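Input: a single structure, listed below in structure tokens.
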Amino acid sequence: MQSKWDAKYRLADVVMAEPARVLYENKHLLPGWGEALDMACGLGANAVLLAQQGLQVHAWDSSAVALEKLNQYSADKQLAISTELRDVVQYPPSANYLDVIVVSNFLERTVCPAIIKALRPQGLVFYQTWTRHKVAAVGPSNPDYLLDDNELLQIFQGLKIRVYREESLSGDKDNGWRNQAMLVAQRLI
């Protein structure tokens, strides 16, 4: 699996990578300091945005190629990002470890309880990924990696929901934000 992602990122450019919409549109909810994790970070666009907001950032991924590119970029820009080649399914974050966790375009349901536990009190999770009910053939086709309707709400039901958006197939399918769901949730205690 790692070679698949290495091949994908070999020709990609960190400068062209864009942060997840859930993070970009809701960055005003970020704390002014603390530790953040960009989980399954790819080229690290979320990590870059988090570091630019003043957070100490950990970026984990299974692609050494992507992490090397992110390391070079963050060194050039003097951003506080530490990378780690890590299987996040086998080695999820430790409990009470982070103030912010960002996950985008990655879904492994078994890791979600560890994500919740990894948040410190007042910590935030920003999550965005693909849904089963899409208006276009984008994202993964394997249903194991697609969300059911309102599934993010169920997965993170123990947290305070701050932002949620999932338009599915409702209304005018040519407009709006389709094919994915997004959530920002906070651990209060």
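Everything numeric here is computed off the predicted structure, so don't read it as measured data.
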Query raised in the report: Are V184 and L152 co-members of a hydrophobic cluster defined by side-chain heavy atoms under 4.5 Å apart?
Result: no

Query raised in the report: Once you round to the nearest 0.5 Å, how far does CD1 of I115 lie from CZ of F156?
Result: 5.0 Å

Query raised in the report: Looking at A80 and Q56, what are the two nearest heavy atoms and their distance?
Result: CB-OE1, 3.6 Å

Query raised in the report: If you look at every heavy atom in A64 and L85, which pair is closest and at what distance?
Result: N-CD1, 3.6 Å

Report summary line: dist N105:CG -> Y145:OH (nearest 0.5 Å) comes out at 14.0 Å

Requested in this report: Might you point out which heavy atoms bring Y164 and E151 nearest each other, and give the distance in Å?
Outcome: OH-N, 4.4 Å

Report task. For the pair W130 and L107, evaluate side-chain contact (heavy atoms from CB on, under 4.5 Å) and give the outcome as yes or no after the intermediate values. Result -> CA-CA 8 Å; W130 304 99; L107 179 61; over 6 Å; no

**Report entry** Atom NZ of K117 with >12 non-hydrogen neighbours under 6.0 angstrom
**Finding:** no

Requested in this report: Output yes when a side-chain donor or acceptor of K69 lies under 3.5 Å from a complementary backbone atom of Y9, and no otherwise.
Outcome: yes

Report task. Give a yes or no answer on whether the side chain of D87 reaches the backbone of Q90 with a donor-acceptor pair at less than 3.5 Å. Result -> yes

Query raised in the report: Got a donor-acceptor contact below 3.5 angstrom from the K27 side chain to the L49 backbone?
Result: no

Report task. Look at the side chain of R187 and the backbone N and O of I189, then say whether any donor-acceptor pair between them is shorter than 3.5 Å. Result -> yes

Report task. From the options V65, V48, L79, L43, select the one residue that forms a side chain to side chain contact (heavy atoms under 4.5 Å, CB included) with L70. Result -> V48

Query raised in the report: Would you say the side-chain atoms of Q180 pair up with the backbone N or O of Q128, donor to acceptor, closer than 3.5 Å?
Result: no

Query - In one Ile/Leu/Val/Met/Phe/Trp/Tyr side-chain cluster, 4.5 Å: I116, L37 - result: yes

Query raised in the report: Of L98, D99, L30, I81, which is the lone residue that meets side chain to side chain contact (heavy atoms under 4.5 Å, CB included) with L55?
Result: L30

Query raised in the report: W60 vs Y97 aromatic rings, parallel, tilted or perpendicular, using cut-offs 30° and 60°?
Result: parallel

Query raised in the report: Does atom CD of Q122 have more than 12 heavy-atom neighbours from other groups under 6.0 Å away?
Result: yes

Query - Side chains of N150 and Q154, donor plus acceptor under 3.5 Å - result: no

Report task. Please round to the nearest 0.5 Å and tell me the distance separating atom CZ of R132 and atom OG of S141. Result -> 11.5 Å

Query - Pair S63, D6: side-chain N/O donor-acceptor within cut-off below 3.5 Å - result: yes

Query - Co-membership, hydrophobic cluster, residues V100 and L119, 4.5 Å side-chain - result: no

**Report entry** Closest non-hydrogen atom pair between V22 and F126, with its separation
**Finding:** O-CD2, 3.7 Å

**Report entry** L147 reachable from I161 in the ILVMFWY side-chain graph, under 4.5 Å edges
**Finding:** yes

Query raised in the report: Does I101 belong to the same Ile/Leu/Val/Met/Phe/Trp/Tyr cluster as L23, with side-chain heavy atoms less than 4.5 Å apart forming each link?
Result: no

Query raised in the report: Hey, does the side chain of R162 reach the backbone of L183 with a donor-acceptor pair shorter than 3.5 angstrom?
Result: no

Query raised in the report: Any luck finding a side-chain donor-acceptor pair between H58 and E35 under 3.5 Å?
Result: yes

Query raised in the report: Will you find, in the side chains of N71 and T83, an N or O donor that is under 3.5 Å from an N or O acceptor?
Result: yes

Query - Check: D61 side chain, C41 main-chain N or O, donor-acceptor pair, under 3.5 Å - result: yes

Requested in this report: Could you tell me which non-hydrogen atom of C112 sits nearest to which non-hydrogen atom of I155, and how far apart they are?
Outcome: CB-CG2, 3.4 Å

Query raised in the report: Counting N and O atoms only, with roles assigned by atom type, does the side chain of E167 sit under 3.5 Å from a partner on the main chain of R178, one being a donor and the other an acceptor?
Result: no

Report task. Determine, step by step, whether V125 and V102 satisfy the side-chain contact (heavy atoms from CB on, under 4.5 Å) criterion, reporting the C-alpha distance in whole Å, the side-chain angles of both residues, the deciding distance to 0.1 Å, and the verdict. Result -> CA-CA 6 Å; V125 60; V102 179; over 6 Å; no

Query raised in the report: Do T131 and N179 get their side chains close enough for a donor-acceptor pair, meaning under 3.5 Å?
Result: no

Query raised in the report: Any chance the side chains of E108 and T110 put a donor and an acceptor closer than 3.5 Å?
Result: yes

Requested in this report: Look only at the side chain of R21 and the backbone of M182, and say whether a donor-acceptor pair between them is shorter than 3.5 Å.
Outcome: no

Requested in this report: Count the heavy atoms belonging to other residues, nucleotides or ligands that lie under 6.0 Å from CD of E18, then report whether that count exceeds 12.
Outcome: no

Report task. Output, in order, the C-alpha distance, side-chain angles, deciding distance and verdict of side-chain contact (heavy atoms from CB on, under 4.5 Å) for V103 and M39. Result -> CA-CA 5 Å; V103 183; M39 180 182 277; 4.0 Å; yes

